[in-house]
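By convention in this document, chain letters (A, B, ...) are assigned in the order of the sequence lines, proteins followed by strands, and residues within each chain are numbered from 1.
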2 protein chains.
Amino acid sequence: MTAVKKTSTIQENKQIALEMCPVTYVMEKIGSYWKPIILYHLSTSDKRYSEIKRAIPAITEKVLIQHLKQLETDGLIIREAKPVVPPHVTYSLSTSGKGLFPVIDAMAKWAIEAQKGIFV
Amino acid sequence: MTAVKKTSTIQENKQIALEMCPVTYVMEKIGSYWKPIILYHLSTSDKRYSEIKRAIPAITEKVLIQHLKQLETDGLIIREAKPVVPPHVTYSLSTSGKGLFPVIDAMAKWAIEAQKGIFV
DNA sequence: ACAAGTACTTACCCTAAAGTATGTATTATG
DNA sequence: CATAATACATACTTTAGGGTAAGTACTTGT
């Protein structure tokens, strides 16, 4: 284990937070604006790179691929590339990623209810 | 369907995304690293400002209060201040905030399972 | 008189994330 | 020979969020 630098108080505290609060762990994995949105689109069906792009017009290609790589690294999604030209790459949820179904579902339900004004 | 303008900006595209993807709506409300963590701590019990602070040592006061204000503005939490000295301020989930229980719960469950290595 | 306690506020700085724009590989097709 | 199609890569700039540190208000306790 690498020694923690004196100056990294916040990192130390984050470690403590991780042990104390499960949600912190989730945030380390999908705690960004785009990741849950990407996961949502993959939760409805496996998709090619270009399909995700079309599904989320507001995201730039740089950011999209960046997040896809991170999600893959974190074991939440699986990338499958067919060695053809033009390239054919499909992304899908891994077992772990599928474990997030309840989270995504709950989000979607809340959003629909909130937009209907149910909580007013 | 509205035609997409060539010049369409990211804000416009975000608007479209909002209509197409419920999760986008959720992200507009709680799409940051800290907000779900704050909501988690409020979901276990109403808390004073200082209690939240202690529960999340990694967050700075500036950022904490910033997010609390935003969450209040967005109608997810309720701030109640007793006019005493020293101040006594309590934060709690609103009806809308409580509607996020399933999301928070699902996150916590996933985190626990993921940390146990269930998804490997 | 001074510190302690609570819940902030404010000014300044810094970095990580995001945006812009352009380039790359490969091959079938006109 | 040029173009189209797909899935990226990369260099550069900008911005928003977050971090640091210090200050404020008001009263009780020593």
(Q) Could you tell me how far apart L64(A) (CG) and dA7(D) (P) are, to the nearest whole angstrom? (A) 11 Å
Q | Evaluation steps, side-chain contact (heavy atoms from CB on, under 4.5 Å), between I30(B) and V26(B) | A | CA-CA 6 Å; I30(B) 61 165; V26(B) 180; 3.6 Å; yes
Q. So, S94(B) side chain and G75(B) main chain: donor-acceptor pair closer than 3.5 Å or not?
A. yes
Q.
Under 4.0 Å from OP1 or OP2 of dG19(D): is there any side-chain N or O of T60(B) that close?
A. yes
Q) What distance separates I37(A) CD1 from S32(A) OG, expressed to the nearest 0.5 Å? A) 8.0 Å
Q: Give K69(B) one of three labels, base, sugar-phosphate or nothing, depending on what nucleic acid heavy atoms sit under 4.0 Å from its own.
A: sugar-phosphate
Q. Once you round to the nearest 0.5 Å, how far does CD1 of I77(A) lie from CD1 of I38(A)?
A. 7.0 Å
Q: Measure from CD on Q66(A) to P on dT10(D) and round the result to the nearest Å.
A: 12 Å
Q.
Could you tell me how far apart Y33(A) (OH) and dG18(D) (P) are, to the nearest whole angstrom?
A. 15 Å
Q) Going by atom types alone, do K47(B) and S50(B) pair a side-chain donor with an acceptor below 3.5 Å? A) no
(Q) Nearest 0.5 angstrom please: M27(B) CE to K35(A) NZ, how far? (A) 12.0 Å
**Q.** Angle by which the axis turns from one end of the helix from dA1(C)-dT30(D) to dG30(C)-dC1(D) to the other, five pairs per end, to 10 degrees
**A.** 20°
Q | Gap between atoms CD and P, on Q70(A) and dA18(C) respectively (whole Å) | A | 11 Å
Q.
Nearest whole Å is fine: how far is dG17(D) P from I65(B) CD1?
A. 17 Å
Q: Do nucleotides 24-30 of chain D as a string where each nucleotide becomes B, S or -: B if the base has a protein heavy atom under 4.0 Å, S if just the sugar-phosphate does, - if no protein is that close.
A: --BS---
Q: Check the distance between dA18(C)'s C1' and L68(A)'s CG and give it to me in whole angstrom.
A: 15 Å
Q) Among side-chain atoms of E51(B) and Y91(B), is any donor-acceptor pair under 3.5 angstrom? A) no
**Q.** Atom pair CG (L76(B)) and NZ (K29(B)), whose distance is rounded to the nearest 0.5 Å
**A.** 6.5 Å
Q: Can you sort out which residues in residues 39-54 of chain B have a heavy atom within less than 4.0 Å of DNA chain C? Ascending by number, please.
A: R48(B), Y49(B), S50(B)
Q) Quick one: on DNA chain D, does E61(A) or K62(B) contact a more 5' nucleotide (nearest heavy atom)? A) E61(A)
Q: Provide the closest heavy-atom pair for R48(B) versus P87(B) in the form atom of the first, atom of the second, distance.
A: NH2-O, 3.2 Å
Q) Reckon Y91(B) has a side-chain N or O less than 4.0 Å from the OP1 or OP2 of dC8(C)? A) yes
Q: Whole angstrom is fine here: how far is it from NZ in K82(A) over to P in dC8(D)?
A: 14 Å
Q) For dA17(C), does either OP1 or OP2 sit under 4.0 Å from a side-chain N or O belonging to H67(A)? A) no
(Q) Return the CD1 to NZ distance between I112(A) and K116(A), rounded to the nearest 0.5 Å. (A) 7.0 Å
Q | Plane angle bin for W110(B) and F119(B) - parallel if under 30°, tilted between 30 and 60°, otherwise perpendicular | A | parallel
Q) Could you state the interatomic distance from CG (L93(B)) to CG (L42(B)), rounded to the nearest 0.5 Å? A) 5.5 Å
